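Remember, it's 1-based here, ligands and their atoms both numbered in the order they're listed. This is a predicted model, so every value here is computed, not measured. FYI, the numbering just counts along the sequence from 1.
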Amino acid sequence: VAGNFSYDGTNGPSHWGKEYKTCLGKYQSPIDIEEKDVTTMTFPELQFSGVEGSHKAYMTNNGHTVMIQSFDSNVPSISGGPINSTYVFQQLHFHWGQNDNQGSEDLINNHSFSMELHVVFWKKEYGSYDEAVKRDDGLTVLGYLYQATDEPNPMFESIVQQISDIIGVGSNITISDNNVLKKLVAPDIASAQNYFTYRGSLTTPPCLEIVQWIDFVKPQHISHEQLAAFRSIQSADGTNLTHNFRPVQPLDGRTVYRNIA
Ligand code: B30
Ligand code: ZN
């Protein structure tokens, strides 16, 4: 559901801290990742399970993004890498910009990408998402960067087609392609051990500082046209959600690691 926040004006990111004090905290996301400042590290292999096969999935306009969830019994999970237990898939969603030169939340060497996909997982031993978000190691989010190109990405075909059915806030539809989850949760297994990782927060209110971020180094692509479809959904105030990325936050002494497989 849409909380009382937006990406412009009096409810924009610079005002979130008035209602949500945590948004003013010291471990906020997103950040600018400067490659010259990262600490290299060899983590255990990051592993995906339950990703293969088909998943019944749903797509929602929640007023601040396009969100995809599954209530399938076959739920993807991850383990290994910088996390020391199993985390279960909850939802995935997207962040984009008003033009192709911006849209990603995390930046690399101060460079913005056109879109960022967030795949959100909760720590299984806490029993549920609602319990996990009360704990400081409750969530792991995978971040995938996308650069706009002329060439469409087949992975987005069915989603983009169906975005026209969720223009209004609160709309919810079944995704016709049962392979969407497989394609979005682990799109590029060959590059899955090449990531940055750091401790941070939810990038939207309530900005809880409970997230182990895993940002994959290698960008993927999406076409200008496919990206434009995301900008056509409406936000809570009835205007088009042309952009929904939070500006970068201070690193404040945190260490960003890069996995060297
Ligand atoms: S992110 O990946 O850091 N962008 C939440 C999860 C991941 C991120 C940001 C927020 C989250 O769980 N937020 C609280 C729940 N939301 C979710 C929702 O369904 O959409 C409720 C809310 O905002 O207050 Cu509307
Ligand atoms: Zn996000």
Nearest 10° is fine: what angle sits at the Zn ion (ligand 2) between NE2 from His93 and NE2 from His95? 100°
Give the single entry among Leu202, Ile210, Thr60, Val141 that approaches atom 7 (C) of ligand 1 most closely by any heavy atom. Leu202
Is there any N or O on Tyr129 that sits under 3.5 Å from an N or O of ligand 1? yes
Would you check, one step at a time, whether the test side-chain hydrogen bond (donor to acceptor under 3.5 Å, both in side chains) holds for Glu105 with Thr203? CA-CA 8 Å; Glu105 296 211 296; Thr203 65; 2.6 Å; yes
Taking the six-membered ring for Trp, are Phe216 and Tyr195 parallel (under 30°), tilted (30 to 60°) or perpendicular (over 60°)? perpendicular
Ligand-side contact atoms (ligand 1) for residue partner His118, heavy atom cut-off under 4.0 Å: 1 (S), 2 (O), 4 (N)
Under the 3.5 angstrom rule, does the side chain of Gln249 hit a backbone N or O of Pro247 as a donor-acceptor pair? yes
Using a 3.5 Å cut-off on N or O atoms only, is Gln91 in polar contact with ligand 1? no
Distance under 4.0 Å to a non-hydrogen atom of His93: what atoms of ligand 1 satisfy this? 1 (S), 2 (O), 4 (N), 7 (C), 8 (C)
What atoms of ligand 1 come closer than 4.0 angstrom to any heavy atom of Met67? 19 (O)
With atom 25 (Cu) of ligand 1 as the reference point, give the N/O/S atom of His64 that is nearest. NE2
Please confirm whether the ring centroid of His221 lies under 6.0 Å from the ring centroid of Tyr146. no
Contact atoms of ligand 1, heavy-atom distance to Thr204 under 4.0 Å: 9 (C), 10 (C)
Using a strict threshold of under 4.0 Å (side-chain N to carboxylate O), is an ion pair present between Asp100 and Arg231? yes
Provide the atom name of the closest N, O or S atom of His118 relative to the Zn ion (ligand 2). ND1
Short side-chain to backbone donor-acceptor contact, Ser201 and Ser29, under 3.5 Å: yes
Would you verify whether the NZ or CZ of Arg199 falls within 45 degrees of the ring axis of Tyr27 while also being under 6.0 Å from that six-membered ring's centre? no
Please list, in number order, the atoms of ligand 1 under 4.0 Å from a heavy atom of His95. 4 (N)
Applying a heavy-atom cut-off of 4.0 Å, say which part of Trp213 lies close to ligand 1: side chain, backbone, both or neither. side chain
Does the side chain of Val88 reach to within under 4.5 Å of the side chain of Gln90, using non-hydrogen atoms? no
